[in-house]
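Input: a single structure, listed below in structure tokens.
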2 protein chains.
Amino acid sequence: MLGRSDTYTPTNSASKSTLWGDFKYPRDTEIFGEGEPANFVYHINSGAVRTFKLLPDGRRQIGAFHLAGDIFGVENGGAYRLSAEAILDTRVRIAKRERLFAEPPELGAFSTKELLTLLTKTIEHAENHLLLLGRQNAVERVAAFLTEMDQRLQSPETLILPMTRRDIADYLGLTHETVSRAFAILIHSGVFSFPGPSHREIVLHDRTKLTRMALWPEHPLR
Amino acid sequence: MLGRSDTYTPTNSASKSTLWGDFKYPRDTEIFGEGEPANFVYHINSGAVRTFKLLPDGRRQIGAFHLAGDIFGVENGGAYRLSAEAILDTRVRIAKRERLFAEPPELGAFSTKELLTLLTKTIEHAENHLLLLGRQNAVERVAAFLTEMDQRLQSPETLILPMTRRDIADYLGLTHETVSRAFAILIHSGVFSFPGPSHREIVLHDRTKLTRMALWPEHPLR
DNA sequence: CGACTCCTTGACAGCGTTCAACAGTAGTGG
DNA sequence: CCACTACTGTTGAACGCTGTCAAGGAGTCG
């Protein structure tokens with residue numbers, strides 16, 4: 001397991017006077033590992049990150065995807081609860097936890113209220129995800145995933161997803177084959193168009209069609 | 001949906017000078033509903049509580065069981081994220097949120113640090129549960145459930161579970177039949193004894209056997 | 001005692017996994 | 001520029017775990 005110092009590329013190293021420093025992580029590299037001391041908090045400038053847990057036999061559960069503008073790696077205890085990897089080449093701003101949550105707060109640092117809000121958002125997301133993993137079928141999961149990404153990317157004209165089918169599968173508790181089949185079902189049922197190119201991108205050209213998906217009577221969206 | 005005032009039984013009503021008041025909820029009654037204003041925080045004196053989300057068609061996902069000594073109903077936002085019901089006749093102490101988290105804190109109130117710890121524990125539990133729901137099979141889920149309850153009840157000589165098979169199933173994302181079959185498999189594989197009586201209780205007489213279960217090489221416990 | 005709930009067990013169906021083959025794309029190096 | 005490889009995604013076929021449906025036993029309560 002590579003430590004952070006082995007993988008980051010400083011583009012503007014954090015001096016003692018600036019709270020945040022800029023770093024880059026190439027695609028598919030580890031940002032931090034589950035159980036490591038949670039010394040840093042990350043803010044994504046561009047790119048995307050997956051956080052996940054692994055079982056000893058390799059089974060993986062992705063807890064969340066983090067996109068540009070998101071903050072991740074915020075811990076209250078001393079260690080990261082999940083591992084984090086870059087999905088794409090990703091630029092992040094990093095702050096030392098002890099400074100970000102210093103008492104009294106320094107300029108640009110997090111207030112306790114902001115920390116509470118972050119943690120609450122994490123809980124909300126996890127609890128909605130529990131319902132999805134425990135009680136929704138494959139097509140519902142994939143549809144909910146698309147809806148979530150669409151909302152988080154603020155319903156762009158073209159929805160481009162950075163993660164692979166396997167990432168989506170490990171997020172939704174499915175196999176990548178089942179995810180692929182669920183996409184096919186959604187396509188053939190006219191829920192959205194899928195003009196390709198097919199490689200690592202899903203392009204949704206018609207926003208109204210995605211809106212219709214969200215209004216399925218059979219689809220119990222969160 | 002009944003309001004709290006319709007279901008509680010005051011045994012020692014909260015006066016303006018005491019932070020906590022005592023109340024009782026009969027078995028299978030609602031304590032609060034998802035989306036209601038989160039005006040109270042609950043501390044369980046005796047009994048047990050389930051918190052859960054429902055889909056419109058009735059599918060239910062239990063997020064957590066709360067036992068004697070546990071605190072639940074703590075929210076940062078304004079509304080409860082899950083519904084809560086008493087599993088047994090349950091005695092709780094209730095505090096008004098605004099007083100419990102008042103600034104400056106009054107005597108007996110929560111510090112921000114304690115609140116953060118509570119929220120962090122909630123996140124940890126949820127994220128472990130995501131892995132269970134997304135990536136573990138039925139027998140693994142039931143075994144993990146037993147291990148969790150055993151730990152939380154501090155490995156008592158006899159482990160008595162207050163919840164029904166259906167509650168367990170809705171906690172583990174299974175059906176009650178599958179839970180029942182998983183118990184049978186664990187029993188027949190000699191992991192633990194199951195002498196009954198069979199009604200709404202699972203009695204584990206041999207603690208060392210439960211310990212052996214936790215040490216299964218094939219069982220990737222959390 | 002009768003009605004109800006809870007639990008177990010069997011038979012069967014079905015959804016999702018597993019295994020496999022193949023196509024399309026990107027990346028690499030000659 | 002092209003050959004080669006690796007990776008991603010799609011699709012088919014068969015399997016199997018879990019869900020569904022059903023029946024029956026046991027305990028509880030009025």
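Note that the coordinates shown come from a computational prediction; the quantities given were computed from them, not determined experimentally. All values below come from the heavy atoms of this structure, side chains included, with hydrogens, waters and symmetry mates left out. Per chain, numbering begins at 1; letters A, B, ... match sequence-line order.
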Check the distance between [N]'s [atom2] and [X]'s [atom1] and give it to me in whole angstrom.
X	N	atom1	atom2	value
D170(B)	dC6(C)	CG	C1'	14 Å
I87(B)	dT5(C)	CD1	P	18 Å
D28(A)	dG27(C)	CG	C1'	14 Å
L132(A)	dG16(C)	CG	P	12 Å
I185(A)	dG12(D)	CD1	C1'	14 Å
F183(A)	dG9(D)	CZ	P	9 Å
E177(A)	dT11(D)	CD	P	13 Å
R165(A)	dC7(D)	CZ	C1'	14 Å

Original post:
With ring centroids as reference points, do F40(B) and F32(B) lie under 6.0 angstrom apart?
Top reply: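 No; F32(B) has its ring centre 6.0 Å or more from that of F40(B).
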
Which atoms of nucleotides 15-19 of chain D (N or O only) lie under 3.5 Å from a protein N or O atom, and what are those distances?
| from | atom 1 | to | atom 2 | distance (Å) |
| --- | --- | --- | --- | --- |
| dT18(D) | OP1 | A138(B) | N | 2.9 |
| dG19(D) | OP2 | T175(B) | N | 3.3 |
| dG19(D) | OP2 | T175(B) | OG1 | 3.2 |
| dG19(D) | OP2 | T178(B) | OG1 | 2.4 |

Under 3.5 Å, side chain of [X] to main-chain N/O of [Y], donor-acceptor pair present?
X	Y	result
D89(B)	R27(B)	yes
N45(A)	V92(A)	no
N128(A)	H125(A)	no

**OP:** Name the closest nucleotide to the T164(B) side chain, picking from dT20(D), dT11(D), dC6(C).
**Re:**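 For T164(B), the side-chain atoms sit closest to dC6(C).
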
Original post:
If an axis is fit to five pairs at each end of the helix from dC1(C)-dG30(D) to dG30(C)-dC1(D), what is the angle between the two, to the nearest 10°?
Top reply: 40°

Original post:
If you look at every heavy atom in L55(B) and R135(A), which pair is closest and at what distance?
Top reply: CD1-O, 4.1 Å

Subject >> F183(B) six-ring face occupied by R165(B) cation (under 6.0 Å, within 45°) >> reply: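 That pair qualifies as a cation-pi contact.
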
Original post:
Which residues satisfy the salt bridge (Lys or Arg N to Asp or Glu O under 4.0 Å) test with R60(B), sequence neighbours excluded?
Top reply: D167(B), D170(B)

Subject >> Atom CZ of R93(B) with >12 non-hydrogen neighbours under 6.0 angstrom >> reply: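 Yes - once you tally the heavy atoms of other residues, nucleotides and ligands closer than 6.0 Å, there are more than 12.
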
Original post:
Distance check: side-chain N/O of R166(A) vs OP1/OP2 of dT8(D), anything under 4.0 Å?
Top reply: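 Looking at the OP1 and OP2 atoms of dT8(D), neither is under 4.0 Å from any side-chain N or O of R166(A).
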
Original post:
What residue among Q61(B), K53(B), R81(B) forms side-chain hydrogen bond (donor to acceptor under 3.5 Å, both in side chains) with E127(A)?
Top reply: R81(B)

